[in-house]
There are 4 protein chains.
Amino acid sequence: MTTSDKRKLILDGAEKIFAAKGFAGSKVEEIAEQAGVAKGTIYLYFPSKEEVFISLIEERVNELISLVQERIKGLDCAIKSLRLQVKTQIEFYTEHAGLLDVAFQYAPRLSYKLQQRLNKSRLKLVQISIDSIKELVSNPKSISVNTMAAMLDGAVNNLLINYFLNDYPIEAEEIADQIVTIFLPGLLQQQG
Amino acid sequence: MTTSDKRKLILDGAEKIFAAKGFAGSKVEEIAEQAGVAKGTIYLYFPSKEEVFISLIEERVNELISLVQERIKGLDCAIKSLRLQVKTQIEFYTEHAGLLDVAFQYAPRLSYKLQQRLNKSRLKLVQISIDSIKELVSNPKSISVNTMAAMLDGAVNNLLINYFLNDYPIEAEEIADQIVTIFLPGLLQQQG
Amino acid sequence: MTTSDKRKLILDGAEKIFAAKGFAGSKVEEIAEQAGVAKGTIYLYFPSKEEVFISLIEERVNELISLVQERIKGLDCAIKSLRLQVKTQIEFYTEHAGLLDVAFQYAPRLSYKLQQRLNKSRLKLVQISIDSIKELVSNPKSISVNTMAAMLDGAVNNLLINYFLNDYPIEAEEIADQIVTIFLPGLLQQQG
Amino acid sequence: MTTSDKRKLILDGAEKIFAAKGFAGSKVEEIAEQAGVAKGTIYLYFPSKEEVFISLIEERVNELISLVQERIKGLDCAIKSLRLQVKTQIEFYTEHAGLLDVAFQYAPRLSYKLQQRLNKSRLKLVQISIDSIKELVSNPKSISVNTMAAMLDGAVNNLLINYFLNDYPIEAEEIADQIVTIFLPGLLQQQG
DNA sequence: GATGAATGAGAATTCATTCAT
DNA sequence: TATGAATGAATTCTCATTCAT
């Protein structure tokens, strides 16, 4: 097993625990157990519990971005592209349930330097939606693309939380359709 | 000073600290200091730190609900009613910045009994949006009112976070307009 | 029991443990137990184990200095004064066996700021001998008073360690006599 | 490279680290690094960190003894012999600054068996001074040779520490002269 | 022999809660 | 009622030692 295999093992274990219990509620020992390594091993790969946390978020955000970019590459229909972006995001959030919420929730308690790193990741995430909306609404009339992207992201997120809370099965296709159905008319009316 | 005055004092202090530092990051001592009472006094009014937390959320959610109900009472235009509901929510969230997010974030780490209480509050919140949308869209075609309400709530929330992050001034009127502008077309098309 | 009583209790407990086991070998829990308080209580009075250590040394050095100054006050014979100073030092070291050695041993591992504080105490200690020798040897011929004081202090210290190691009973009178017997001729020849 | 070469490498590395940071403050990893070997290699040559420590002291003490014996062999003047012994000790202590102090400081925390071994080394060291004083003071009047030797050793040690603390350059000749100047008269008066 | 990744017992420190005043 | 000193369970991080390569 290579060094980066073990790093991945730890991050995967950390994700399960952090997503379930939040940052403060997750014990390093639990993470180690979940990852199948010893407590001390975690400190060979990361200098602190906080650094495990930040690294995990950065990793996942980058994965999501790569995934979206790869999938919508070459699509020529802006509506299809938006829908696919939303769907990919839903699938990813579902697979990493709760993690990203936990992530940004804890930001204010981290050191300034770590907050900066987290915020960079957060901005990368919103950028995905910004790109998709830009493609769709080239000259928005009255609302900025950023604002529209923020609404879209929030709607996606909260709809998922709602599904989780009610224990509905998450069907990415269906949810993506619902989102697009509600948003598309409003977005299109923004076309200048 | 009456008993309920002191209770209020404690909850107000707790809100400031919880909103800034999250549940785990907030020390009882800090809350006491912020409230201007001694640490021990808090335990005269609440049996535990967790109970302070839950009581605070319940209190604030009830305040928001009363406020919305009072404001939209007697309005006969559904669109105006929706807009006012959104605006009120924005003003309230702004005043209690971060608190409600913190609240629901911590839910999974509380005991089952306390989670039940928190979820009741959460459902009450979504209910506000459900009521407004029901008024607007009496017979939705393909998407449930709950789903639409969840999107709306998520969009409101996230837009606010976006404003905070970018240090834009929060103008409730303007933000409410933006939300309604994007959502209204989609919602109206749902009219069966 | 007043606040300073408890502080004293902790320092007394710490002295026993530090002297017996050194800084690194002493556990905060043991110190607490020895002092008859809970582990957490120590952190009400001192911010860290290191601070307990430094405070203890400072306290004891100040006590020794006061004791010597008080005892030799008013003596007009320099030889008697030197002898009394040596004797007092011996009695004090005996009562606080090993503590001061431990103290200065650990200096290099403390932070710079704490080292400064320790060194101040160390200099205060040597100053006692310097004062006594100055009184005896007003115009030293070839060796500085500081140098002579350092030899005297070292001899006192090591003689005591030697007694401890061999489990001889420590008779301050006798040891003071031995020191003075060996040193006096050499010191007097330094009289310019 | 032979087995004993590597052993020497490790002990030399250990000395630097132990002298600078004490026993508890020295990490096996640092010692390995300083010695230019891997951590695991140390455990091929020594069963534990403690054993590295004790072996180091024994080695150095034996070197010092050999050095003194060799140098004063054949000298017929007892005073010159004493002075040379002191000077050799000073040179050795200077070269191995701090090591021996560290050594005996840690004795109480070692296992009984290891303490015995350390004490044997300590006695060997004092024996050097005892031998020199015996040569000078064949029938001491009132103070035992051991006692005088302990004073001498303490004075040498402390004078060196004093020089270190004040950052004076260590001139073995000069310091040996100062020691002998102060001690000789007292010692000679002990001649029965 | 040599390596250094992995282990896990052990220690310092924190902080919710209690309780004597 | 109100206080805040005292408690000790719980948690993060360290580092001597082992062992597979």
Side-chain angles (χ1 to χ4, degrees), chain A residues 1-3 5-7 9-10 24-33 35-52, chain B residues 1-3 6 23-33 36-53, chain C residues 1-3 5-7 9-10 23-33 35-52, chain D residues 1-3 6 10 23-33 36-53:
Chain A
M1 178 174 286
T2 71
T3 271
D5 283 344
K6 192 137 283 178
R7 195 187 132 93
L9 225 52
I10 292 169
S26 299
K27 295 172 217 160
V28 174
E29 179 125 45
E30 282 177 299
I31 292 173
E33 212 171 318
V37 302
K39 210 179 358 161
T41 305
I42 289 182
Y43 289 91
L44 289 179
Y45 292 88
F46 302 93
S48 69
K49 184 183 163 188
E50 274 196 344
E51 188 63 31
V52 174
Chain B
M1 180 174 285
T2 70
T3 272
K6 196 145 274 182
F23 180 81
S26 298
K27 296 173 210 164
V28 174
E29 177 120 48
E30 282 177 298
I31 293 173
E33 213 171 317
V37 303
K39 213 178 354 166
T41 305
I42 288 182
Y43 287 87
L44 292 178
Y45 292 87
F46 301 92
S48 70
K49 183 184 165 188
E50 278 194 342
E51 187 63 33
V52 174
F53 183 66
Chain C
M1 178 174 286
T2 71
T3 271
D5 282 344
K6 192 138 281 177
R7 195 187 133 92
L9 224 52
I10 292 169
F23 179 80
S26 298
K27 295 171 215 159
V28 174
E29 178 125 44
E30 282 177 299
I31 292 173
E33 211 171 319
V37 302
K39 214 177 353 159
T41 304
I42 289 182
Y43 289 89
L44 289 179
Y45 292 88
F46 303 93
S48 69
K49 184 183 164 190
E50 275 196 344
E51 188 64 31
V52 174
Chain D
M1 180 175 283
T2 71
T3 272
K6 194 145 276 184
I10 293 169
F23 180 80
S26 299
K27 295 173 211 165
V28 173
E29 178 120 48
E30 282 177 299
I31 293 173
E33 212 170 318
V37 302
K39 213 176 0 162
T41 306
I42 289 181
Y43 288 88
L44 293 178
Y45 292 88
F46 301 92
S48 70
K49 183 184 167 189
E50 278 195 342
E51 187 64 31
V52 174
F53 183 66

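Atoms considered below: every heavy atom in the structure, side chains included; atoms not considered: hydrogens, waters and symmetry mates.
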Inset, instruction - Write down the partner of E:dA6 under the Watson-Crick or G-U wobble criteria, each distance required to be under 3.5 Å. - result: F:dT17
Using whole Å, report how far [atom1] of [X] lies from [atom2] of [N].
X: A:Arg7; N: E:dA5; atom1: CZ; atom2: C1'; value: 16 Å
X: C:Glu33; N: E:dA11; atom1: CD; atom2: C1'; value: 15 Å
X: A:Ile42; N: F:dC15; atom1: CD1; atom2: P; value: 18 Å
X: A:Leu44; N: E:dG4; atom1: CG; atom2: P; value: 13 Å
X: D:Ile31; N: E:dG4; atom1: CD1; atom2: P; value: 17 Å
X: A:Phe46; N: F:dC13; atom1: CZ; atom2: P; value: 13 Å
X: C:Asp5; N: F:dA5; atom1: CG; atom2: C1'; value: 14 Å

Legend entry - Along DNA chain E (nearest heavy atom to each residue), the more 5'-positioned of A:Val37 and D:Thr41: D:Thr41
Inset, instruction - Report the residue from C:Ile42, C:Thr41, C:Leu44 that forms a side-chain contact (heavy atoms from CB on, under 4.5 Å) with C:Lys6. - result: C:Thr41
Inset, instruction - Would you please confirm or rule out a distance under 4.0 Å between OP1 or OP2 of E:dA5 and any side-chain N or O of A:Tyr45? - result: no
Legend entry - Interatomic spacing from CZ in B:Phe53 to OG in B:Ser26 - rounded to 0.5 Å: 8.5 Å
Inset, instruction - Under the side chain to side chain contact (heavy atoms under 4.5 Å, CB included) rule, what do C:Tyr45 and C:Val52 come out as? Steps first, then yes or no, please. - result: CA-CA 9 Å; C:Tyr45 292 88; C:Val52 174; over 6 Å; no
Inset, instruction - Give a yes or no on this: more than 12 heavy atoms of other residues, nucleotides or ligands lie within 6.0 Å of atom CD of D:Glu29. - result: no
Legend entry - Annotated protein contacts, base or backbone, on nucleotides 16-21 of chain E with a non-hydrogen cut-off under 4.0 Å, one of B, S, - each: SBB---
Inset, instruction - Look only at the side chain of D:Glu30 and the backbone of D:Lys27, and say whether a donor-acceptor pair between them is shorter than 3.5 Å. - result: yes
Legend entry - Main-chain N/O of B:Phe23 paired with B:Lys49 side-chain donor or acceptor, under 3.5 Å: yes
